[in-house]
Amino acid sequence: MSTSPHQDSEDRQDAVATGRAGHNGVLFAMCLALVLVVASVSALNLALPDLAIGLSATNGSLTWIADGYTVALAALVLPLGAIGDRVGRRNVLVAGTVVFGIASLAASFADSTTTLIVWRVVMGLGAAMIMPGTLSTITAAFPPEQRAKGVATWSGFAAAGAIIGMLAAGTLLEWFSWRSIFITSAAAALVAAVAALLLSPDTKDEHPSPPDVAGAVCTAVGIGTLVYAIIEGNEQGWTEPVVIAALVITVLAFTAYAWLGLRREHPLLDPALFGIRGFRAGAITVLVQFMAVFGFFFVGLQYLQLILGYSPLKAAAALIPVAVVVLPVSQATPHLVRRAGMKATMTVGLLLLSVGLFVISRLEVGSGYLPFLGGLILAGFGIGLSGAVGTSAITGSLGRGQQGVASAMNDTTREVGSAVGIALMGSIYGSHYRSSLPASLDQLPAGAAEAARDSAAAGLHVADQLGARGAALTDGVKSAFMDGLSASLMAVSVIVLAAGIGCLFRAPRTPPASDQAPRPITAEGRAGRDRR
């Protein structure tokens with residue numbers, strides 16, 4: 001039986017992967033690089049109070065210190081994934097670890113918020129070079145019968161990496177300053193680079209398409225301005241001219257991307273792919289999952305630290321059950337998809353995530369940790385199910401040679417979802433917190449009252465300074481915080497529920513097979529393509 005040149009090239013890639021270190025070695029190297037990127041999104045959340053004191057950072061500066069990384073990552077991950085498809089995914093990944101490591105080390109010496117923000121953006125550039133190569137190397141190097149398991153493992157570490165980052169940061173902050181987080185990240189980048197060089201193959205598209213510069217610019221501008229608008233809309237107000245301008249540019253950029261993409265023979269990411277039910281369902285699932293996860297981290301960590309009085313390390317450790325649940329559940333999803341179908345697995349995962357968030361939204365000041373843990377475990381099951389199957393739906397909708405773009409699309413939805421979740425939940429939480437504060441706050445000195453309105457942490461600090469007279473203020477601030485937490489979690493729970501219902505009616509029952517997926521749609525062939 002004869003084989004096609006394309007199949008022969010795929011077989012050679014499998015042989016290279018097995019000959020170098022075996023599939024387990026490839027999986028280890030790629031998950032290590034993945035955790036490096038994901039952990040850097042979440043780890044700094046625990047250090048924000050120290051940064052506010054050490055660098056005299058305002059709330060706006062703290063937002064950009066945290067999100068400058070995410071903006072660069074979300075805006076650049078799609079075009080850099082396409083570059084990896086052309087020049088070699090491991091090549092781009094290793095170069096990204098170098099950029100990431102240098103920027104992280106430089107950030108540890110920052111003496112101003114502006115300098116730190118700049119280096120966080122450069123770290124985001126390095127992360128955007130790393131991220132697409134992790135998943136695309138796994139899907140390109142693994143044979144079809146092992147690919148689902150590899151993707152499931154990747155998805156589990158993608159979710160657990162955030163917990164790993166917070167746990168590592170909490171441990172470092174027990175003994176060292178916030179600078180130790182960046183130094184550790186630089187060392188981890190070096191280890192990830194060595195592991196990738198020694199254990200993974202350098203896969204790429206054997207038949208690369210001409211570069212789509214216009215598509216890369218449009219997607220980078222559109223995603224960047226969208227995330228900027230979300231952040232600044234939350235900080236400055238949605239009617240500010242700069243926020244409105246950013247939203248207008250976002251619409252224009254994505255409109256141009258769709259218009260150009262439908263007319264190019266080889267677009268960066270064909271807009272027509274969103275007509276494929278599996279691709280669309282996977283993108284929505286990953287988007288809302290990470291919107292919920294990182295929005296939850298934003299308010300959940302504050303609950304553990306401000307209401308339960310946990311230290312940074314103890315707060316991070318309290319979230320470990322998510323990782324404990326997510327990893328084995330993710331591993332089990334390929335079997336569940338074969339037995340129950342993609343639609344059922346995806347829908348159940350989103351519904352469990354919604355229920356878990358709803359349970360946590362019902363907490364009160366005196367609820368303690370156990371009810372929080374119950375909701376956390378339910379959410380963990382939902383994350384494990386929905387994350388793995390959503391990622392498989394995206395990667396399975398593109399051919400093997402375009403797995404860099406498929407991976408980057410998955411990563412883009414993750415990062416945009418994270419930014420939307422933090423901004424949305426932060427806005428809802430903040431407005432409900434301020435409106436729920438006791439009227440007696442006006443009797444305090446103006447500076448103290450304003451500090452309490454700005455954040456619950458500042459309000460509790462003011463109450464501590466008042467001694468016995470601050471007990472009523474402490475109760476009022478904690479009650480207001482819980483009102484904000486409840487409203488924000490309820491809102492995202494409803495969004496996740498709506499996505500789950502949408503999957504129930506619109507997602508395909510069976511997943512697409514990436515080894516049989518067609519190459520990007522050509523201008524001549526769009527009209528006749530099967531929409532599945």
Can you name the nearest heavy-atom pair linking [X] to [Y], along with the distance?
{"X": "C31", "Y": "F157", "result": "SG-CD1, 3.7 Å"}
{"X": "T97", "Y": "A192", "result": "CG2-CB, 4.4 Å"}
{"X": "E364", "Y": "Y303", "result": "O-OH, 4.3 Å"}

Got a donor-acceptor contact below 3.5 angstrom from the [X] side chain to the [Y] backbone?
{"X": "T285", "Y": "G390", "answer": "no"}
{"X": "S479", "Y": "D475", "answer": "no"}
{"X": "S354", "Y": "L351", "answer": "no"}
{"X": "T347", "Y": "A344", "answer": "no"}
{"X": "R89", "Y": "T134", "answer": "no"}
{"X": "Q289", "Y": "G387", "answer": "yes"}
{"X": "Y429", "Y": "L489", "answer": "no"}
{"X": "S435", "Y": "H432", "answer": "yes"}
{"X": "S436", "Y": "A480", "answer": "no"}
{"X": "S104", "Y": "F182", "answer": "yes"}

Task: Flag side-chain contact, heavy atom, 4.5 Å: L125 against F100 - done: no
Open item on the list: Measuring only between side-chain heavy atoms, which start at C-beta, is K314 closer than 4.5 Å to Q305?
Closed with: no
TODO: Measure up the Y257 and F254 rings against each other and bin them: parallel (under 30°), tilted (30 to 60°), perpendicular (over 60°).
DONE: perpendicular
TODO: Find the distance between CZ (R362) and CE (M482) and round it off to the nearest 0.5 Å.
DONE: 9.5 Å
Task: Atom pair CD/OG of E174 and S311 - distance to nearest 0.5 Å - done: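 It comes to 4.5 Å.
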TODO: Go through the steps for S361 and S486 under the test side chain to side chain donor-acceptor pair (under 3.5 Å), then give the verdict.
DONE: CA-CA 4 Å; S361 75; S486 176; 4.8 Å; no
Task: Test side chain to side chain contact (heavy atoms under 4.5 Å, CB included) applied to L336 and V329, V389, T345, the passing residue - done: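 So the option named by the test is T345.
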Open item on the list: Against F296, only a single residue in V322, L353, L376, V492 fulfils side chain to side chain contact (heavy atoms under 4.5 Å, CB included); can you say which?
Closed with: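 Between F296 and the candidates, side chain to side chain contact (heavy atoms under 4.5 Å, CB included) is satisfied uniquely by L376.
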Open item on the list: Tell me whether K478 forms a cation-pi arrangement with F481, defined as NZ or CZ under 6.0 Å from the six-membered ring centre and within 45 degrees of its axis.
Closed with: no
- [ ] Determine, stepwise, if the pair T413 / F290 fulfils side chain to side chain contact (heavy atoms under 4.5 Å, CB included).
- [x] CA-CA 8 Å; T413 56; F290 278 86; over 6 Å; no
